[in-house]
Amino acid sequence: MDYPRLCGSSYSGRVNRKLSILLSTLLLSCAHAAGVRVEFDPRRADIGPYPTDFQTVPDTRQVTGLRIQRPDNPFFEFALDRTLNQLDGFAPNTRITVKFSGAIQPETLRAGIHFLWLDPVQPERYHLQPAGHLTPINEVVYDTGSNRAFAKPDEAFEGARRYAILITDAVLDTAGDPVTEDAGFRACLDKTIGGSYCVQLSDAVARFSGVLPPNRRLVGASLYTTLSATAFLERAREVVMRTPPRLLRDTQGIVNLSDLRGGLLRADVGPAGATEDVPFPASLSILPATGVRRMATASFRSPRFLDERGLLPEAPTAAEPTPLAEDEIEMTIYLPSTAMPAGGYPVLVAGHGFGDSRFGFPTVLAVGQLSTGYAVVSVNAFGHGYGPGTKLVLSFAGGRELVLPARGRGLDLSGDGRVAPGEGCVQTGADAPVLTRDCVRQTAADLMQLLRVLREGVDLDGDGKSELNGARTFYIGQSLGAFYGTLLHAVEPELLAATLNVGGGSALPTMLYGGDRNGELRALMDRLGFSGLEGGPGLPFRYEPVRVIDNPLLAAWQDFLAAMEWAESPGAPASFGPHLKSATLPGVPIKRTLFQIARGDRTVPNPSNSLLIRSANMLESTSIYRHDLAAAQVRGLPANPHAFLAAVEPLAFSAVGFAAQQQAVTYMEGTGETIPNVNGSLARYFPGPVFEVPAAYYEDLGYRP
């Protein structure tokens with residue numbers, strides 16, 4: 001599609017004679033234009049307004065009917081553009097760019113830039129807002145060097161939907177005059193340039209001309225389509241449902257824990273034969289005293305969609321994904337000492353965090369909850385549990401030792417010959433820098449198969465009775481477990497209820513601000529010349545004044561962040577949050593969901609927590625542990641409250657975790673209308689309340705000094 005850049009840099013493309021005459025006329029009018037213009041060149045991401053469907057091509061194999069086709073950006077020395085060009089639209093929570101021909105008053109940007117909701121690609125589904133709805137901008141940045149404004153939408157957007165960016169003359173230049181339109185934009189609205197893109201943009205603007213604020217004139221716009229974030233996982237579930245799980249019982253792995261004295265993981269860390277003993281977060285010797293009667297191991301088969309690098313080969317989103325293999329997924333099952341009810345024990349499926357395994361947080365949950373009659377079941381997330389040669393070593397009274405297979409799913413992505421905790425999940429390499437996008441999607445698919453196994457029945461001892469009640473299954477995901485748990489909960493219709501503990505809306509802001517988990521991101525930033533920018537300089541939190549920058553590196557940083565968020569978005573929990581309640585997917589009911597977060601979380605910071613909860617529009621279903629209040633009442637609490645749900649020490653912090661577990665289980669067993677108040681159970685340690693239902697979103701870091 002030929003398109004001339006107008007009223008700006010010179011055009012270097014082919015035009016026909018008629019268009020050349022028009023171009024000459026327009027350029028002459030540009031020479032006499034006064035004031036600051038909203039520049040218009042949809043070929044270029046640095047001018048835009050961006051994003052724009054001008055940088056797409058028709059593709060009937062995609063849900064949106066489009067595929068991204070943007071030119072390579074020489075700034076990025078890796079395959080980011082190749083990754084983006086495989087997608088069928090732009091990020092729902094997109095970062096937009098608007099360029100002006102001169103300096104403007106940054107404080108006028110909020111009043112002058114809006115998002116317009118257009119028609120959904122799949123009109124038969126539930127949707128968040130009607131066509132014609134206007135959304136203001138937020139998190140606004142203005143670069144004085146390039147006269148570019150960057151911003152995000154103030155509301156959660158949905159995938160597979162068309163939107164327009166509207167710029168009005170409410171934006172003022174430094175002389176106080178309204179900004180004006182570029183002649184190229186006027187030609188686009190007149191449908192004399194830009195082909196089908198300008199036809200669509202012009203028609204959308206004309207159709208919704210009445211939604212603009214009174215007495216405001218449109219001076220710039222773009223039209224774009226968001227990607228179909230849930231398409232892969234929806235279709236992957238269809239594949240999972242056709243794949244026989246082939247449950248394998250391990251009779252040796254049904255262990256009576258009455259005389260258990262301890263245990264550890266003998267982790268396969270590579271190279272071949274190298275092991276490292278990893279202790280459990282809670283001593284296994286206390287399991288019998290806390291109501292854990294037996295531990296069992298079993299396995300099932302699940303389709304694997306990721307390649308040997310841990311990446312999902314991109315395929316058209318309208319097509320069913322093709323499994324590349326079947327993995328044997330091992331699961332750990334903790335059974336309580338209480339009498340087994342008819343139909344089996346109710347089940348808590350435990351989703352562990354980054355760097356953890358099925359023997360970490362799930363064991364702590366078993367210690368806290370098996371006395372209440374629940375079984376706890378867990379699997380390793382993709383990329384976790386070390387290498388395939390990992391063993392579980394249990395020691396018993398009298399010196400007896402039992403060694404069981406505990407196959408890990410880690411990958412040596414760094415090439416250093418070792419498999420570190422969680423290595424294989426975060427992707428920042430040259431092949432596809434998508435952060436946790438593919439790891440969480442594969443893990444969600446594996447958990448779908450696990451839920452199917454539970455529904456079909458798990459007879460561990462061969463007596464013809466299932467020890468687990470698949471009809472009463474609940475999910476508790478901690479940290480990364482809340483990330484992939486969000487995807488699972490939004491797509492899986494059979495999961496009754498879930499607790500998403502200290503989860504976030506996106507891996508990028510989590511790694512950017514969460515100082516103890518950003519090593520992979522920092523290495524990528526170092527390679528690209530962004531050293532020292534972790535922690536988010538140049539980025540405002542929501543509702544802060546416009547952040548004004550004048551550093552070319554920080555301006556390039558905006559482009560980098562926009563591209564990385566876009567690449568991650570098909571697996572970002574915030575892309576799935578709207579489908580928990582407001583816009584459920586076909587065949588999926590409104591989900592009973594409890595969000596648990598911690599004030600001042602240093603691993604998944606509060607702005608990332610809020611991004612997820614805002615996307616779901618479920619503030620009323622949120623419980624916040626006020627670590628700031630707790631620390632003011634009890635000395636010796638850790639600086640970082642992130643792991644409160646899995647805390648084993650100090651005692652007061654462990655009590656907080658147990659109370660949070662109780663809150664989660666009680667909420668999920670109930671109707672979801674109220675959040676249980678657990679402050680009374682903590683009165684022994686904290687004279688004042690430490691849990692509350694927040695009245696507003698926490699949008700700052702809130703770190704304790």
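When a residue number appears, it is its place in the shown sequence, counting from 1. Everything numeric in this text was worked out from a predicted model, so none of it was measured.
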Legend entry - Residues which pass ring pair (Phe, Tyr, Trp, His ring centres under 6.0 Å) with His384, listed by chain and number, not counting sequence neighbours: His352, Phe354
Legend entry - Listed partners of Leu413 passing side chain to side chain contact (heavy atoms under 4.5 Å, CB included), at least two apart: Leu411, Glu423, Gln427
Inset, instruction - Verify ring-ring contact (aromatic ring centres under 6.0 Å, His included) between Phe280 and Phe359, making sure each step is shown before the conclusion. - result: CA-CA 7 Å; Phe280 280 68; Phe359 298 104; 5.7 Å; yes
Inset, instruction - Keeping to residues at least two apart or across chains, list the side-chain hydrogen bond (donor to acceptor under 3.5 Å, both in side chains) pairs with something in residues 475-492. - result: Arg237-Glu492, Ser479-His642, His489-Lys591, His489-Thr593
Inset, instruction - For Arg452, check side chain to side chain donor-acceptor pair (under 3.5 Å) against everything at least two apart and list the hits. - result: Gln449, Glu456
Legend entry - Residues forming a salt bridge (charged side-chain N to carboxylate O under 4.0 Å, His left out) with Asp307, sequence neighbours excluded: Arg309
Legend entry - Any residue meeting ring pair (Phe, Tyr, Trp, His ring centres under 6.0 Å) with Tyr667, in chain and number order, not counting sequence neighbours: none
Inset, instruction - Provide the full list of salt bridge (Lys or Arg N to Asp or Glu O under 4.0 Å) pairs with a residue in residues 366-384, sequence neighbours left out, each pair given once. - result: none
Inset, instruction - For Ala616, check side chain to side chain contact (heavy atoms under 4.5 Å, CB included) against everything at least two apart and list the hits. - result: Leu580, Phe595, Met618
Inset, instruction - List for me each residue that meets salt bridge (charged side-chain N to carboxylate O under 4.0 Å, His left out) alongside Glu467, sequence neighbours excluded, and say none if there are none. - result: none
Legend entry - Residue pairs, two or more places apart or on separate chains, that pass side-chain hydrogen bond (donor to acceptor under 3.5 Å, both in side chains) and touch residues 401-412: Glu330-Arg407, Arg409-Asp446, Asp412-Ser414
Legend entry - Lys/Arg N to Asp/Glu carboxylate O, Arg599 vs Glu692, below 4.0 Å: no
Legend entry - Salt bridge present between Glu326 and Arg301 (N-O < 4.0 angstrom): yes
Legend entry - For Glu276, side chain to side chain donor-acceptor pair (under 3.5 Å) partners two or more places apart: Arg418
Inset, instruction - Any pair with a residue in residues 375-386 that passes salt bridge (Lys or Arg N to Asp or Glu O under 4.0 Å), sequence neighbours left out, goes on the list, sorted by first then second residue, please. - result: none
Legend entry - Six-ring centre of Phe300, Arg246 cation under 6.0 angstrom, axis tolerance 45°: no
